[in-house]
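Before any comments, here is the structure.
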2 protein chains.
Amino acid sequence: MARITGSNGGRTAEAIRRAAIRLIHRQGFAAMNLRELAAEVGIQPGSLYNHIETKQGLLFELMREHMQDLLSAMEAALAAAPDEPMAQLRAFLAQHVLYHLERKQEVYIANFELRALEPANAEPILAMRREYEDRLIGLLEAGARAGELQVADARIAAYALLAMLTGVCTWYRPGGRLGPEEIVAQHLELALSGVSGAGLGQRAPDISAGGSAPIERMRSIPAGGRTPG
Amino acid sequence: MARITGSNGGRTAEAIRRAAIRLIHRQGFAAMNLRELAAEVGIQPGSLYNHIETKQGLLFELMREHMQDLLSAMEAALAAAPDEPMAQLRAFLAQHVLYHLERKQEVYIANFELRALEPANAEPILAMRREYEDRLIGLLEAGARAGELQVADARIAAYALLAMLTGVCTWYRPGGRLGPEEIVAQHLELALSGVSGAGLGQRAPDISAGGSAPIERMRSIPAGGRTPG
DNA sequence: CCGGAAAACAAACGTATGTTCGTTTAGCCG
DNA sequence: CGGCTAAACGAACATACGTTTGTTTTCCGG
């Protein structure tokens, strides 16, 4: 037998893409097999190769497209915001959360399936991620220079903020108690408060005052080198 | 051939455990195969079954032990801290970051390999995770009641904090520029500032003022139901 | 010392997976 | 309309994987 009536390459390719996102998100790239992917789309396994080169290539494309979309969304948000440090920072963080709410599955994959990429494929993806991170670091540093932010280490703060704001994709479910607007608002509040310099305490001294036993032992750990990565 | 001179069940089992953590962390549970695990330990694949029941059982045990250890560490930290809301919260957050720095690989697995657990195995693990989360939520609520914290939604704040503080395990590397003490300190500063109520703005109004284009569109999204999970 | 249990080896099994390849049919364009 | 390309089917291939099983050797305790 052969080609099915009504088949449409573009439509099938899109169905493959959507099904792949769903399945990878649900069980992981390595655990998803192409037979179930094909079944999800409604074609035979071998037919997938009309639309993808390899299983690995499929993952790479999904992640590459996602990163490009994320970078584009960020650029658009920044371009639409006033050219002031805090406004830029807000715009960045807001679009981050919103994008992550809308495309939580792709975000999840892009973050947690890096290990499944072969080195040659991982490299460009990592480069795009760094571009995104560096942008946020730049914004934090600009805010600090303008005297509007107080961060001890822009890179650490950036990682912490990204982790916090990216975390929504692990638990957010459309139709839940809170709509995107509320979630964005709360996360911005938490994030911006965290870097505002309006904290509760200084550093180690306050922590010790808390009397937490693990902290005492921590003091004996030697400090490290230069870069966090 | 047969049993090797000098073989020791306890030692081999521990070596399996360590190698499994390393390999799963590096490539993922589904992508790790038992032949390479056995090779890493220095035994034949079939010999693994003297020490594990199944591949799935191995993952379950690793995650169960980790969760138990994490809960124990938390209890110890809280027991050693003064019985006041903020001191308790600090103790919780500090031990969280410290534990995550020390056992980053296990933490990574426990967070990102949930999908690989069969339902019967996932259930007890998820229960322990909820226990941990609920504890933090309780602490945040206690802080709010004591008037020392200002969080719009304790659960959201808890998720955000946990995401931020757990994030270190994705990038921290011993011997880096920053030692554990510095990392713990900065994260506590960021986290506690975030929930202190000393934020920069209110809510949606301030965000709109930022002029971020995506936020305008967000307003048209209908609010959801009751629970975030 | 001896026997039983433990721990390892080696081989094999049944199943699964990514991919290739030949064939058939549909769709499109000249 | 006809030819060529695209898209699907169906079968098969080569490899890989989790696991079992029989055998051999070591270790430990009575």
Side-chain angles (χ1 to χ4, degrees), chain A residues 1-21 23-24 26-63 109 113 115-121, chain B residues 1-21 23-24 26-63 109 113 115-121:
Chain A
M1 285 292 282
R3 179 169 179 166
I4 296 289
T5 303
S7 63
N8 175 302
R11 203 160 48 216
T12 304
E14 182 60 22
I16 290 171
R17 194 178 152 280
R18 291 177 184 282
I21 290 172
L23 289 175
I24 298 173
R26 191 169 71 206
Q27 57 203 39
F29 177 72
M32 174 195 80
N33 70 69
L34 295 182
R35 282 169 175 77
E36 63 183 328
L37 174 60
E40 189 89 3
V41 176
I43 58 176
Q44 297 300 307
S47 302
L48 290 173
Y49 294 89
N50 289 317
H51 310 277
I52 65 172
E53 285 195 21
T54 60
K55 188 187 180 185
Q56 168 74 201
L58 171 61
L59 178 65
F60 175 68
E61 283 305 312
L62 289 178
M63 290 170 80
I109 290 166
E113 294 291 346
R115 291 176 302 178
L117 286 178
E118 289 164 3
N121 289 332
Chain B
M1 284 294 282
R3 178 169 179 168
I4 297 290
T5 304
S7 62
N8 175 302
R11 203 158 50 217
T12 302
E14 182 59 21
I16 290 171
R17 193 178 153 278
R18 290 176 183 284
I21 289 172
L23 290 176
I24 297 174
R26 192 170 71 206
Q27 57 202 43
F29 177 71
M32 173 195 82
N33 69 68
L34 295 182
R35 283 169 174 78
E36 62 183 333
L37 174 61
E40 188 88 4
V41 176
I43 58 176
Q44 297 300 307
S47 301
L48 290 173
Y49 293 89
N50 288 317
H51 310 278
I52 65 172
E53 284 195 23
T54 59
K55 188 187 181 188
Q56 169 74 198
L58 172 61
L59 178 65
F60 175 68
E61 283 304 313
L62 289 179
M63 289 170 81
I109 290 166
E113 294 292 345
R115 289 176 303 179
L117 285 178
E118 288 164 2
N121 288 332

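Keep in mind the model is a prediction, meaning the values are calculated, not measured. Sequence lines set the chain letters: A, B, ... in the order given, protein chains first and strands last, and positions in each chain run from 1.
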Test side chain to side chain contact (heavy atoms under 4.5 Å, CB included) applied to A:Glu36 and A:Gln27, step by step: CA-CA 12 Å; A:Glu36 63 183 328; A:Gln27 57 203 39; 2.6 Å; yes

Touch class at under 4.0 angstrom, heavy-atom based, for A:Gly46 against every strand present: base

Interatomic distance, B:Leu23 CG vs D:dC17 P [rounded to whole Å]: 13 Å

A:Ile109 side, atom CD1; A:Leu23 side, atom CG - distance, nearest 0.5 Å: 9.5 Å

Of the listed nucleotides C:dG27, D:dT19, C:dC9, the one nearest the side chain of B:Lys55: D:dT19

Separation between CG of B:Leu58 and CG of B:Leu48, rounded to the nearest 0.5 Å: 8.5 Å

Close approaches to DNA chain C from residues 11-21 of chain A, in residue order (heavy atom, under 4.0 Å): none

Contact check, side chains of B:Gln56 and B:Leu117, non-hydrogen atoms, under 4.5 Å: yes

For the student: nearest non-hydrogen atoms of B:Ile16 and B:Leu37, plus distance: O-CD1, 3.9 Å

Side chain of A:Tyr49 (C-beta onward), nearest among D:dA7, C:dT19, C:dA8: C:dT19

Interatomic distance, A:Gln56 CD vs C:dT19 C1' [rounded to whole Å]: 15 Å

Nearest-Å distance for atom pair CG/P, residues B:Leu58 and D:dT19: 10 Å

B:His51 side chain near C:dA8 phosphate (N/O to OP1/OP2, under 4.0 Å): yes

Within 6.0 angstrom of A:Glu53 CD, more than 12 heavy atoms from elsewhere: no

Strand DNA chain C in bracket notation, Watson-Crick/G-U under 3.5 Å with | for pairs to another chain: ||||||||||||||||||||||||||||||

Rounded interatomic separation in angstrom, taking CD1 from A:Ile43 and P from D:dC9: 7 Å

Under 3.5 Å donor-acceptor pair, A:Asn50 side-chain atoms to D:dA8 base atoms: yes

B:Arg115 vs A:Glu113, salt bridge (charged side-chain N to carboxylate O under 4.0 Å, His left out): CA-CA, chis, key distance, verdict: CA-CA 12 Å; B:Arg115 289 176 303 179; A:Glu113 294 291 346; 3.0 Å; yes

Sidechain-backbone polar pair: B:Lys55 side chain, B:Phe29 backbone, donor-acceptor under 3.5 Å: yes

CD on A:Gln44 to CD1 on A:Ile4, rounded to 0.5 Å: 9.0 Å

Spacing of A:Leu48 atom CG relative to D:dA8 atom C1', expressed in whole Å: 11 Å

Integer-rounded Å distance: D:dT21 C1' and B:Gln44 CD: 15 Å

B:Ser47 side chain near C:dA7 phosphate (N/O to OP1/OP2, under 4.0 Å): no

Straight-line distance of A:Arg17 CZ to A:His51 NE2, nearest 0.5 Å: 14.5 Å

Side-chain N,O (A:Ser7) to OP1/OP2 (C:dA26) below 4.0 Å: no

Main-chain N/O of A:Val41 paired with A:Arg18 side-chain donor or acceptor, under 3.5 Å: no

Gap between atom OH of A:Tyr49 and atom CG of A:Leu34 - 0.5 Å precision: 4.5 Å

Stretch residues 28-41 of chain B: residues that reach within less than 4.0 Å of DNA chain C through a heavy atom: B:Arg35

Whole angstrom value for the distance that separates P of D:dA8 from CG of A:Asn8: 8 Å

Which nucleotide in D:dA6, D:dT25, D:dG18 has an atom nearest any side-chain atom of A:Arg3: D:dA6

5' priority, DNA chain D, between B:Pro45 and A:Gly9 [closest heavy atom]: A:Gly9

Euclidean distance, atom CD1 of residue A:Ile52 to atom P of D:dA7 [Å, nearest integer]: 14 Å

